[in-house]
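Worksheet for the structure shown next.
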Amino acid sequence: MAEFDLSATFIPSLHKPSSLLPIARHRQSLLYLIETYPVTIVVGQTGSGKTTQIPQYLEQAGWCAEGKIIAVTQPRRVAATTVAIRVAEEMDCKIGEEVGYSIRFEDVTSSKTRIKFLTDGLLLREALVDPLLSRYSVIMVDEAHERSLSTDVLLGVLKKILKKRRNDLRIIISSATLQAEEFLNFFAGDAEMQSNLKQEPQSAVTLDDLIAQGGQKPNPTSNEIGQIISLEGRTYPVDILYLENPAEDYVEKAVQTVFDIHTKEPDGDILVFLTGREEIDNAVQRISERAASLHPRAQALMALPLYAGLSTEQQMYVFEEAPENTRKVIFSTNIAEASITIDGIVYVVDTGFVKLRAFNPLTGIETLTATPVSKASATQRAGRAGRTRPGKCFRLYTEPNYQQLSESTIPEIQRSNLAPVILQLKALGIDNIVRFPFLTSPPSELIIRALEVLYSLGALDTYTKLTQPLGTRMAELAVEPMMAKTLLSSQTFGCVSEILTIAAMTSLGGTIWVPHDGEKKKMETARRKFAVEEGDHITLLNIYQAFITKGKKEARFCHDHYLNFKALTRAVSIRAQLKRYLERFGIPIPESLSSNPNLQPLSVGGPDKGEQIRRCLTTGYFAHAARMQPDGTFRNVAGGTVLYAHPSSLMFNRKAEWVVFHEVMEMGGKSYVRDVSRIEKGWLVEYAPEFYRFA
DNA sequence: GAGCACTGC
């Protein structure tokens with residue numbers, strides 16, 4: 001047995017010997033359950049060792065016989081790579097040999113690989129090639145409680161696969177919260193029952209029930225399919241404190257609370273949850289101003305921001321130990337709730353809000369709104385205070401407020417644009433979307449809207465079957481359906497190379513530009529150097545061209561032009577991947593773009609090239625068309641919705657008649673369009689005659 | 001004149 005192996009003595013001190021992890025005591029029962037039942041639900045607290053140990057137990061127990069592989073999925077890339085590296089160390093092998101990982105653009109596996117960590121999105125892609133995922137003997141879905149879009153789709157697909165591989169596939173669902181029963185019922189129930197299942201009131205299962213159950217007591221409804229096992233974690237108790245009266249301004253209250261902690265509580269760093277960049281910068285500013293009023297010899301207070309929009313270097317500060325006689329306070333978005341773990345946090349201040357994205361199927365507009373957190377989220381945030389020693393969590397709301405919070409956050413699948421999901425399901429051969437076993441069914445409006453969009457793009461026929469070859473190819477391309485359609489039209493317009501670049505650049509989101517401190521004006525000037533009259537898409541093309549000709553080699557280029565080196569490097573990878581797909585489809589790619597060393601933006605290789613590009617964009621983005629009004633705002637084609645050019649768009653201060661845009665998002669009651677380009681009204685009728693009947 | 005929570009293929 002590994003527990004008593006001499007080699008355990010020599011494990012680097014960085015890691016606890018695995019025999020000391022709480023999970024070691026459950027090894028036999030875990031292996032028994034996995035051997036006996038198709039599905040095992042593992043409820044594991046933080047630090048239980050489930051992710052690193054279970055795959056090793058399985059490998060030792062013979063689950064990799066006959067060349068079979070154990071897959072462990074993660075919602076995020078960093079988790080997949082770091083856990084893989086750690087397990088490889090524990091098993092004393094080189095990463096990529098017995099233990100490997102696979103994420104987009106990075107496949108570190110070999111024919112020797114027995115344990116493979118990968119993102120759940122990538123495992124779904126594998127199912128396109130191998131529909132029964134037959135290489136795998138065990139598939140462990142980690143962090144399933146986060147209910148990410150691809151985790152939910154994967155669970156439904158796995159349920160279907162299990163029906164055909166009842167004897168040779170084992171599924172392990174690992175979850176940190178108490179949704180265990182829901183996962184088990186999901187695998188136990190028939191597909192047709194699922195839509196009713198979610199209507200039932202949640203059964204009140206406590207942690208004690210689950211621990212007492214210990215996986216041994218058969219569940220009367222689900223004992224055929226699987227069992228639940230609970231693993232204790234290694235966390236410390238956290239005291240929860242509430243406000244007596246609600247706070248009027250939670251940013252101000254958060255700042256005050258930080259000072260109260262600083263002056264009254266013992267040592268230990270503070271983590272404050274706010275909703276976004278603006279609030280965070282504001283709070284950091286207020287702390288710095290007021291820290292001056294602290295007694296000169298008292299302990300100092302150092303405020304640091306943390307959000308995804310910061311550069312990697314700026315994010316690294318939060319991991320550094322505070323200087324002598326200084327307490328660190330980190331103001332963070334939800335990124336610190338699950339994605340980033342900071343050691344040494346003893347106090348958490350939870351404002352109780354988070355910004356959530358949602359998709360309105362009636363307008364097709366995404367919203368980004370500050371929303372009260374769920375109880376599960378509040379619990380997760382509080383837990384961030386007890387990782388190294390007992391901690392305290394200050395909730396900036398009252399206890400009755402807490403009681404009114406919903407149990408868990410609405411899963412993404414119930415609030416997202418489902419066009420990509422449905423296209424993917426169709427490509428997996430799942431034609432009847434309504435009967436697909438969703439863990440929680442999305443509202444039918446979302447499904448209908450997605451089907452309409454896919455039909456209008458020509459990916460689905462009138463029977464909602466995937467079209468050949470267009471629909472199948474769109475599903476294979478790793479971009480959203482509208483851009484996939486644009487890419488597949490580009491051959492006709494003679495602009496394949498240019499659209500490849502535009503597709504890669506738009507999929508970066510808003511991460512192309514990095515403002516340096518207090519130099520916003522200069523960034524605008526830098527941005528204008530790349531600008532062209534036709535709009536944002538061709539501007540993106542110019543930026544990419546400048547990057548590959550200059551920015552990749554000259555270290556200062558990106559810095560001087562306020563460009564994000566990491567993001568642009570990613571664009572290069574995305575473009576290369578998309579190009580490989582097109583080549584596989586037999587689409588020739590003339591790389592005609594001449595290098596453009598003088599940064600003269602207005603020429604895009606011939607007088608008509610720009611027009612061809614914009615015509616091509618219209619074939620995919622006709623549903624995202626709008627008309628400019630005399631006041632500079634836009635109306636969508638139906639006329640009802642007022643759209644504003646996002647300040648990052650060239651169209652923010654230019655005139656145009658008709659435009660298409662990449663995306664639209666509602667923030668603070670206003671809908672902003674991003675990545676906007678001029679088109680002609682006539683093109684809409686020409687390329688989308690069924691969609692636009694006006695003449 | 002005014003601004004994007006977080007992931008992923």
Side-chain angles (χ1 to χ4, degrees), chain A residues 73-80 102-107 118-129 143 146-154 273-281 306-310 332-340 351 353-358 366-371 373 377 409 412 415-416 420-421 423-424 427 474-481 483-484 503-504 507-513 515 520-521 523-524 527 570 573-574 577-578 580-581 631-633 644-649 651-654 663-668 670-675:
Chain A
T73 72
Q74 296 291 331
R76 282 171 293 279
R77 298 153 56 97
V78 263
S102 195
I103 57 178
R104 190 181 187 182
F105 309 132
E106 222 185 325
D107 182 14
L118 73 174
T119 50
D120 34 30
L122 200 58
L123 187 62
L124 271 176
R125 290 261 151 192
E126 286 191 11
L128 284 176
V129 186
E143 313 284 5
E146 286 187 20
R147 303 293 307 274
S148 78
L149 201 50
S150 42
T151 301
D152 268 24
V153 176
L154 180 62
F273 285 99
L274 292 168
T275 70
R277 161 184 277 177
E278 198 181 349
E279 281 175 11
I280 289 169
D281 290 343
L306 178 63
Y307 44 83
L310 290 174
S332 172
T333 61
N334 223 31
I335 195 171
E337 195 183 297
S339 306
I340 289 179
T351 56
F353 285 91
V354 63
K355 271 189 190 163
L356 279 186
R357 206 209 275 266
E366 283 196 309
T367 55
L368 192 64
T369 326
T371 319
V373 295
S377 196
T409 311
E412 275 185 337
R415 52 185 167 89
S416 300
V421 170
L423 187 60
Q424 193 167 31
M474 281 174 61
E476 284 191 53
L477 287 165
V479 285
E480 31 169 354
M483 188 53 87
S507 58
L508 295 178
T511 57
I512 294 171
W513 302 97
K520 275 185 175 177
K521 281 256 153 44
M523 185 172 104
E524 288 309 312
R527 187 148 56 191
R570 188 172 163 77
S573 304
I574 296 173
Q577 190 189 40
L578 295 173
R580 284 196 297 276
Y581 276 112
D631 64 357
T633 65
Y644 296 83
H646 190 276
S648 71
S649 170
M651 293 301 160
F652 187 68
N653 48 21
R654 278 169 214 231
E663 61 178 7
V664 49
M665 185 168 273
E666 185 188 315
M667 291 168 290
K670 273 180 159 184
S671 296
Y672 294 95
V673 290
R674 302 168 56 86
D675 296 335

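Sequence lines set the chain letters: A, B, ... in the order given, protein chains first and strands last, and positions in each chain run from 1. What you see below is based on every heavy atom in this structure, not just the backbone, and it leaves out hydrogens, waters and symmetry mates. Note that the structure is predicted; figures quoted are calculated from it, not measured.
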- request: Rounded off to whole Å, could you give me the CD-to-C1' distance for the A:Glu106 and B:dC9 pair?
  value: 15 Å
query: So what does A:Arg527 touch, heavy atoms closer than 4.0 Å: a base, only the sugar-phosphate, or nothing?
result: base
message: Counting the atoms with a prime plus P, OP1 and OP2 as sugar-phosphate, which does A:Ser150 contact under 4.0 Å by heavy atoms, base, sugar-phosphate, or nothing?
response: nothing
field: Nucleotide B:dT7, atom C1' - distance to CZ of A:Arg415 in whole Å
entry: 11 Å
message: Let's test your reading of the model: under 3.5 Å, does the base of B:dC4 pair with the side chain of A:Glu663 as donor and acceptor?
response: yes
- line: CG (A:Leu310) and CD1 (A:Ile335) are apart, to the nearest 0.5 Å, by 8.5 Å
statement: In whole angstroms, the gap separating C1' of B:dC6 from CG of A:Leu149 amounts to 13 Å
- prompt: Does the side chain of A:Ser507 get closer than 4.0 angstrom to OP1 or OP2 of B:dC9 through an N or O atom?
  reply: no
query: Reckon A:Arg77 has a side-chain N or O less than 4.0 Å from the OP1 or OP2 of B:dC9?
result: yes
Distance test, side-chain N/O of A:Tyr672 to OP1/OP2 of B:dC4, below 4.0 Å: no
query: What nucleic acid atoms does A:Asp120 come within less than 4.0 Å of, heavy atoms only: base, sugar-phosphate, or nothing?
result: nothing
Any donor-acceptor N/O pair under 3.5 Å between B:dC9 base and A:Arg125 side chain: yes
Distance in angstrom units between A:Asp675 CG and B:dC4 C1', rounded: 13 Å
- prompt: Donor-acceptor pair under 3.5 Å: do we get one between A:Arg674's side chain and the base of B:dC4?
  reply: yes
- prompt: Strictly by modelled atom types, are A:Ser377 and A:Glu337 linked by a side-chain donor-acceptor pair under 3.5 Å?
  reply: yes
message: I want to verify a distance call: between B:dC9, B:dC6, B:dG3, whose nearest atom is closest to the A:Ala478 side chain?
response: B:dC9
message: Donor-acceptor pair, distance only, cut-off 3.5 Å: does the side chain of A:Ser507 make one with the backbone of A:Ala503?
response: yes
query: Between A:Leu356 (CG) and B:dC6 (P), how many Å, whole number?
result: 12 Å
field: Distance test, side-chain N/O of A:Ser648 to OP1/OP2 of B:dA2, below 4.0 Å
entry: no
- prompt: For A:Ile340 and A:Met523, take the nucleotide of DNA chain B holding the closest heavy atom to each; which residue's nucleotide lies nearer the 5' end?
  reply: A:Met523
task: Give one of base, sugar-phosphate or nothing for A:Tyr644, where a contact means two heavy atoms less than 4.0 Å apart.
output: nothing
statement: Regarding the side chain of A:Thr119, the nearest nucleotide among B:dC4, B:dT7, B:dC9 is B:dC9
- request: Measure from CD on A:Glu480 to P on B:dT7 and round the result to the nearest Å.
  value: 18 Å
- prompt: If you count the non-hydrogen atoms of other residues, nucleotides and ligands that lie under 6.0 Å from CD in A:Glu524, is the total more than 12?
  reply: yes
message: Over all strands shown, is A:Arg357 touching base, sugar-phosphate only, or nothing at heavy-atom distances under 4.0 angstrom?
response: base
query: Checking all strands, does A:Leu368 fall into the base, sugar-phosphate, or nothing category for heavy-atom contacts under 4.0 angstrom?
result: base
- prompt: Are any of A:His646's side-chain N or O atoms less than 4.0 Å away from OP1 or OP2 of B:dC4?
  reply: yes
message: At 4.0 Å (heavy atoms only), tell me whether A:Ile103 reaches a base, stays on the sugar-phosphate, or touches nothing.
response: sugar-phosphate
Qualifying residue, where the test is side chain to side chain donor-acceptor pair (under 3.5 Å) with A:Tyr307 and the options are A:Thr333, A:Asp281, A:Thr275: A:Asp281
query: Should the pair A:Tyr644 and A:Tyr672 be assigned to parallel (<30°), tilted (30 to 60°) or perpendicular (>60°) ring geometry?
result: tilted
- prompt: Between A:Gly510 and A:Tyr581, which has a closest nucleotide on DNA chain B that is more 5'?
  reply: A:Gly510
message: In the structure I gave you, are the side-chain heavy atoms of A:Glu412 and A:Arg357 within less than 4.5 Å of one another anywhere?
response: no
task: Mind calculating the distance between CD (A:Gln577) and C1' (B:dG8) to the nearest angstrom?
output: 11 Å
task: Give one of base, sugar-phosphate or nothing for A:Thr333, where a contact means two heavy atoms less than 4.0 Å apart.
output: sugar-phosphate
- request: In whole angstrom, give the distance that lies between atom CZ of A:Arg76 and atom P of B:dC9.
  value: 12 Å
